[in-house]
Amino acid sequence: MTPEYVIDRVWRAMLAGKPMLMLPWTVGLAKTLRGILPTRAWDVVAGRVFGVYDSMEDFTGRQ
């Protein structure tokens, strides 16, 4: 996502009176799946599909 895209979406949500905006769309999907799936199934989906458990593997920080 570009900063311009995010700014546009946030601005539109604010003007529409929405209290929350979830970007990208996969955040909303993940929230829904977490509510529907049993914990063990969610762990598999979160790890293999969304990669949340190893998302910081390549993080190096400031150089």
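Side-chain atoms are counted along with the backbone in the values below, which use heavy atoms only and exclude waters and symmetry mates. Note that the structure is a prediction, hence the values are computed from the model and not measured.
- Looking only at side-chain heavy atoms (C-beta outward), Thr60 and Gln63 come within less than 4.5 Å of each other.
- Closest non-hydrogen pair, Ala41 versus Leu37, comes out as CB-CB, 4.2 Å.
- Under a 4.5 Å side-chain heavy-atom criterion applied to ILVMFWY residues, the cluster that includes Met22 comprises Met20, Val27 as well.
- We find the CG-CZ distance between Asp43 and Arg34 to be 8.5 Å, quoted to the nearest 0.5 Å.
- Under a 4.5 Å side-chain heavy-atom criterion applied to ILVMFWY residues, the cluster that includes Met14 comprises Trp11, Leu15 as well.
- Heavy-atom minimum distance, Leu29 versus Phe50: CD2-CZ, 4.1 Å.
- Met1 and Val6 make their closest contact through CB-CG2, 4.0 Å (heavy atoms, listed as atom of the first residue, atom of the second, distance).
- Using a 4.5 Å cut-off between side-chain heavy atoms of Ile, Leu, Val, Met, Phe, Trp and Tyr, with links allowed through other members, Trp25 and Leu33 fall into the same hydrophobic cluster.
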